[in-house]
Amino acid sequence: MDAGARNAALSALLLGLFAMVGTGLVALTHALTRERIAASERAVLERALHAVMPPWRHDNDLLADRIAVTDPELLGTRRPVTVYRARRGGRPVGVVLTPEAPDGYNGRIRLIVGIYADGTLAGVRVLAHQETPGLGDAIEAEKSDWILGFTGKSLGKPPLERWRVRRDGGDFDQFTGATITPRAVVKAVRNALIYFRHHREALFAAPASGEGEEEAS
Amino acid sequence: MSVPAVHPFHGGLVLEGHKRISTRHPVVPARLPERLVVPLQQHIGAPAEPVVQVGERVLKGQPIARPRGYVSAAVHAPSSGTVAAIEARPVPHPSGLAAPCIVIETDGEERWRWREDQRPDWRTLGPEALRERVREAGIVGMGGAGFPTHVKLNPGAGRAIHTLVINGAECEPYITCDDMLMREHAPAVVAGAQVMQRILGARRILIGIESDKPEAREALSEAVRAAGADDIRVVSVPARYPSGGERQLIHLLTGLEVPSEGLPADIGVVCQNAATAAAVLRAVTELEPLISRIVTVTGAGVAEPRNLEVLVGTPFADVIDQAGGYTDEAVRLIVGGPMMGFAVAHDEVPVTKTVNCLLVAGRGEVEPARDPLPCIRCGACVEACPARLLPQQLYWYARAKDFDRVQDYRLFDCIECGCCAAVCPSRIPLVDYYRYAKSEIWALEREREKAARARRRHEARLARLERERAEREARQRARRERATDAAARKAAVAEALARAGARRSGSAEARRHEGSEGG
Amino acid sequence: MSEYLLILVSTVLVNNFVLVKFLGLCPFMGVSRKVETATGMGLATTFVLTLSSVCSYLVSEYLLEPLGLEYLRTIAFILVIAVVVQLTEVIVHKTSPLLYNVLGIFLPLITTNCAVLGVALLNAQTEHGLVESALYGFGAAVGFSLVLALFAAVRERLAAADVPVPFQGAAIALVTAGLMSLAFMGFAGMVRG
Amino acid sequence: MSRWRDIAAEGLWRNNPGLVQLLGLCPLLAVTSSVVNGLGLGLATTATLVVSGLTVSAVRGLVRPEIRIPVFVLVIACTVTIIELLMSAWLHDLYKVLGIFIPLIVTNCAIMGRAEAFASRNPVPAAVLDGLMMGLGFTGVLVALGALRELAGHGTLLDHAELLLGPLGEGLRLEIIQGYRGFLVAVLPPGAFIGLGLLIALKNVIDTRRGRRSVAVPVHAHGHGSA
Amino acid sequence: MIAAVVALGAVAAVSGALLGYAAVRFRVESDPIVDQIESLLPQTQCGQCGFAGCRPYAEAIARGEADINRCPPGGEHTIRALADLLGRDPKPLDPERGAEKPPSVAVIDERLCIGCTKCIQACPVDAIVGAAKQMHTIIAAECTGCELCIPPCPVDCIHMEPVPVDLDNWRWPYPEARTENLA
Amino acid sequence: MRRFETATSPHLPPRDSVPALMRRVLYALAPGAALQAWHFGWGVVVQLLLAAALALAAEAAVLVLRRRPARRALADGSVLVTAALLALALPPYAPWWLTTVAVLSAVVLAKHLYGGLGYNPFNPAMVGYVVALIAFPRELTQWPAPHALAAPPGLDMALGLIFGGAQLPDALTAATPLDHVRTGLAMNRTLTELGAEPVMGRFGGKGWEWVAGGYLAGGLWLAWRRAIDWRIPSAFAAGLALPAMVAWGLDPDGHPSPLFHLLSGGAMLGAFFIATDPVTAATTPRGRLLYGAGAGLLTFLIRTFGGYPDGVAFAVLLMNMAAPTLDQLTRPRAFGEGR
Ligand SMILES: Cc1cc2nc3c(=O)[nH]c(=O)nc-3n(C[C@H](O)[C@H](O)[C@H](O)COP(=O)(O)O)c2cc1C
Ligand SMILES: Cc1cc2nc3c(=O)[nH]c(=O)nc-3n(C[C@H](O)[C@H](O)[C@H](O)COP(=O)(O)O)c2cc1C
Ligand SMILES: Cc1cc2nc3c(=O)[nH]c(=O)nc-3n(C[C@H](O)[C@H](O)[C@H](O)COP(=O)(O)O)c2cc1C
Ligand SMILES: Cc1cc2nc3c(=O)[nH]c(=O)nc-3n(C[C@H](O)[C@H](O)[C@H](O)CO)c2cc1C
Ligand code: SF4
Ligand code: SF4
Ligand code: SF4
Ligand code: SF4
Ligand code: FES
């Protein structure tokens, strides 16, 4: 028993010592890299946002100027959706929404949609999806240009009833052998535009929440 | 007599019998050969020990080798003559090896050892005495393995036997020796069974016969009726191989399953072959040892297939000669039937107590050399296996030499009936793999025992060396002390000197010892 | 309730830790030569994984996060795991020699099973609560044990196969694992996220 | 000196952690969908092996047996965390791609195995060299498997080199097979397993050709003379 | 930073204490694996493995210092059994250690023996009997076939003879499937 | 002394052989294959021939590389069964390179890396199919419309489609019944609506139900000839139909009928020809029941909840994986063994 206690104390001491030295080093590294890591993380977010909202169009910090909204009907998810607001000289330039397409072939497709204040699309990208590789994954900008085709479109251009894939009588291409994925994406983007049309004023007026989920990671 | 219901077993095969070809002639005794080659081991257990010398004259029926231990059997001279040699000769065994045999030059006189009339009625003898007669007669099971019959007739105190099963199934194709015996000597079979019933104290006797032997069944039923025994039943079982397997037959007749790794006696049953029963009767009534048996000689490879009563030790060549000799067809000489028998490379091999059939197969009767494909796990073997095993798994693990797994899959419940290999579309010699695995496992067992013994001896040696070293040191110490004692008695002045001297001589002694040990 | 069921189905089948997520592969390859040992390993891992995901959760929730030390997660978790493993060993040894015979030799190996640390890290990353963490760990371990046991049975069978010489041993085992993960792709899309 | 050469041969080929010891399989299979990912993780692992080898060897006299393992674990975990922080700061994109497999270097059995079997019994220089060689051997396998899968899967090599090299890597992508349709299975999980199986078979073929089969004995400093 | 050091130091100290305590409290005394390994070795005690006998070799395996393929008398079967026990892949016998030979026993040519007892001292299992200056014999049943008695004999009168195959020790041969290439 | 050949027991002449068994399977496939060719055109025939040629070539190549006698292994016919089943599972107008990849995966990867006939734990044809499905999902969804909807391509067009790199024109394609139902349900349409569409037939899909009937007939013949164990197809059908029945009973508009399940996609081919591959299935009697039932159930689950319209291939591979374990768990009680 006695031996046990002494042994325990010795082990504790030694291991504790090692831990403290090790942790000291780690903590030191952390202190030295903290800034840089934060900057890198920020850069990643900004890069995603800038893909759908060109940086030269606005002068505010998108990451700081954001709110969270909820609209299961039009934004495709019950969870709060982050909206980043772009302004130039304080005037609204556009918003970046992160809606979801709930009816992808293999589940939800998370999108990031940039819309100018006039309702034109600044850009659309896919954040995450589980569509079939080689079939539905052509919605990634890496795999094909299809998603870039949204830029410049708006609710009137093409008219609302032609916001469908070609097979359903719309203006958007589908992929050979895969209609469902593009159909879901087109519908989600269209809904995002509708949402924006309904809520534009409110979106820009709401006070920035600052804290919140960082959606674009 | 009403026929009791039979309880079918799983698997098995319906095979073409080919029995007719050898039942056309009655059984006749075979000629006495010039030379009888009598193996010392014709049974399971320890080989017998010769009690005659080369050059010695022997009489028919005289013991020439005595059992070595309980599970062993005596061997008797099948005829009178001179012992010409005691040496290794080829014996009927799948290995094709030679084994110790006593070679007797026959004199043609067939002189018996004794022909007195001390033949008491067996009904007056007690079980012990009867069993002793069976033992002295060197009787071993004639239906297959050749297990010493007196051992089987002594199931031990704890195991009361209620049923004696007489195995007249003769389920293998081609073989008809038991059939002929039962046709021609049904009363002897019945009486022999009654002797064994008495020895065992069994309540009843069940005689199982396959349905394709109506003549034998008739003869036996007649004999039972004549004997007036109402505790004997002759039961017809379906002709489905291997209904003659001990476990299968017992199940067919009684519905009981012999426990795996157990004996029939565990469930109160003893099973004996019909020929064994006849031999037992001869032993107790005529005091005649087991020196001859009926052998079926058949197949497209012999001219006149038939059954012969053959002396143990007669070379196959002589026997086949008396069945008309070979035809051009003859390609394979099989000891036993086509399902379980083994082929021998030549015919200079003697008949033993367990050789029931010489099948000289023609080209079309046997499969040419097997050229197996891999197992496709079709499961045909599973359907066929009467032991309800998974032959393909056994094969798989035996092939991989995974001897633990193969035993998990109950290798030792396999009766080597060959049903699995017979149906295998890939033509895999499955049973060979099981035999291989079994013999490896036995060999490993022997090796393990040997290793354990070697280890004990090695450890004992190390301990001995250690002890010797300790003793040596103790001796030295003792000597040193003795020297000191002696010195103490001397004058005080001499004391120191003496002690120094003693120490010097002691250490020199020790050094010398170390030197001799290091070498 | 159905949400918990979903976690289980997802971790056991759809996102099987070994075949889909690539965690715990060393024991998967190393301890799958015999079914018995594989089962033992599965049992031991299931126990440790469940327990350690709970402990990791507690350390993370009540120690690291309040202090803002998330960056020390890896170190803290691995220590917790090492201790859980060793204490399990000790307790099993003390309370049930029989169980110890079965599991004993596997326990030390679990510390370096990256599924264990992986579960802890993923729990922290996806901000699972206590019950979810435990379930997630349990599901992961069951998935691990399941494929480990099946794999071991397949490998036992391969022992007798006429595999081309260069592929004998590890190579064919990996090909087999590959075909297993091919089969597991059939579960893709079963749990919509 | 043959001892050094021996240590190198052990790590790089004869006792290669990925191909022979089958350790560290998780990262090996998980991140090798491309050459760049494989290289990145390989280098991180090598760094860990070297540093942990050095530390473990240096403190080997101090450590009591019952806490040997926890101490090694601690040393390795601290090393990995530092590397993780550094990568997160300077190679953030790669860090994101490799994800959980960077912290999981901690449980890479190869590292623990080397700490136990080699570093804890050998002087510092040998331990460092062993760590380096084991690490390079491991990296070699990661790169080879990455190359195999990337080539079969996409027909390219060194795609996304910028993740590792920054702007320098921008143009390094090699389109080896023009107009290749892609063979997705190679970059999905089954491709990882089967690819590694093929590499091991290839090594077996090479070893047989060279007239000796690999020996998978755990090496120790002594014994095991150069074969 | 201080918080980090303190917090983790505390975690580690607690762990260390637990482990240290456990190490003493629940120490495992013997190493059963050595016994298990030894029970698989053939006990020929020939030293071909490079160790002074089977036990030392077993200890070396348990310490991880020797590979499992060094015992020629045990041959393939022993390697398999060891691989099974230790969860490794079986491998061919190390050719540097010698080849698997059929079992054999030593025989002393009794006409030549001068009774020097050298062989007795060499035999690891005391399978040789005889006193000084008298003829020596080998108890065949106890001889393990280790060949250790051969070199010491000054008159070279010991030789090895393979154990003859008879019905008792005959083994059914491995059925040679055509496509066989198992080791 | 006369000498004789030696051999071991049993000595009886053979009753059955592997090549004969494989031939029987090929005959049994014929009615279904013929119906498939009738409904979907020459492509079926071309694929069958192409796959057979490739498979024989691949097997011969491997055997030569391994220095094994090639003649006998090729003559056992097993590779032709693999090729036929694979060809019948692939879309009839899949390009030649796709068929090549699938056949090589089947024959080299799934079969010969394990040592060839009898040693492979996974069904080669299904490995080939799944590799193709995962690598080239687009091509694998391109099924032609059955005869009843559009005249299938002629021989020259079939050759052009398969070897010439042409694409099946949109007018000639149609979603497979399973795909149709799956996507329809995903779009919140009801089965009543979906059933009214032209691709749907009386029980399954138009044309497809006939093909399934052909396989059923061939399969029953096989079972009657005892070339396959009745347990596997029966259990497969039960494993698929029972849960389908429950789902259908609860929500007839959201789940297709059990009959539809049985008569569409690969169900019949799977039940009688694929799940029954003796090499990769369980071998104990009870194991086979569980194996078949498991494959059926998994097929239902993957069809209903999974990402693929038909789950037969995955279900079979998953059960292949479980087969050795099933065998161990369902070892029958040996004669005389305690209960
Ligand atoms: C294995 C498999 C995966 C599929 N994955 C997708 C997908 O990710 N996205 C998609 O839109 N369609 C996918 N499909 C195709 C759909 O089932 C459906 O056929 C198609 O969307 C209908 O489009 P079509 O009318 O252009 O043929 C997949 C089909 C299969 C067989
Ligand atoms: C190795 C062995 C041991 C046996 N031991 C006994 C025994 O102790 N008592 C007994 O009555 N029968 C014993 N038997 C006999 C068997 O029960 C059986 O009757 C005999 O093997 C003949 O059966 P068979 O021809 O079907 O092989 C033994 C048989 C064998 C092979
Ligand atoms: C597959 C098989 C078939 C057998 N067929 C018979 C047979 O037909 N007749 C027979 O008497 N014994 C046959 N035996 C031997 C019996 O199992 C059993 O050993 C014998 O009846 C015991 O009697 P015994 O000791 O008097 O020989 C067969 C054994 C096996 C394994
Ligand atoms: C009844 C039966 C079904 C078979 N099914 C298949 C099959 O689904 N896939 C396949 O590749 N081979 C099949 N074969 C052929 C053969 O068994 C298969 O190629 C082996 O798996 C190759 O080792 C079958 C053979 C038979 C007798
Ligand atoms: S009958 Fe032959 S091929 Fe069929 S499973 Fe049995 S051993 Fe294998
Ligand atoms: S030989 Fe053995 S495994 Fe084969 S059928 Fe007979 S009892 Fe069953
Ligand atoms: S070689 Fe084998 S038998 Fe000889 S001493 Fe070594 S372990 Fe023992
Ligand atoms: S060593 Fe040689 S000579 Fe000396 S006793 Fe032994 S056998 Fe005789
Ligand atoms: S790296 Fe070894 S278990 Fe993951």
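As the structure is a computational prediction, the values presented were derived from the model and not from experiment. Sequence lines set the chain letters: A, B, ... in the order given, protein chains first and strands last, and positions in each chain run from 1.
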Tell me if a side-chain donor or acceptor on [X] pairs with a main-chain N or O of [Y] at a distance below 3.5 Å.
X	Y	result
F:D310	F:G266	yes
F:T304	F:F300	yes
F:N320	F:N123	yes

Can you tell which part of [X] gets under 4.5 Å to a heavy atom of chain C, answering side chain, backbone, both or neither?
X	value
F:L318	both
F:F122	side chain
F:L301	both
F:D327	side chain

Go through the atoms of C:A149 and report whether side chain, backbone, both or neither lie under 4.5 Å from a heavy atom of chain F. backbone
Is C:L182 in contact with chain F via its backbone, its side chain, both, or neither, using a 4.5 Å heavy-atom distance? both
Full working for side-chain contact (heavy atoms from CB on, under 4.5 Å) between C:F184 and F:M321: CA-CA 10 Å; C:F184 260 73; F:M321 198 163 95; 3.0 Å; yes
Measuring from C:I7:CD1 to C:E132:CD, what's the distance to the nearest 0.5 Å? 5.0 Å
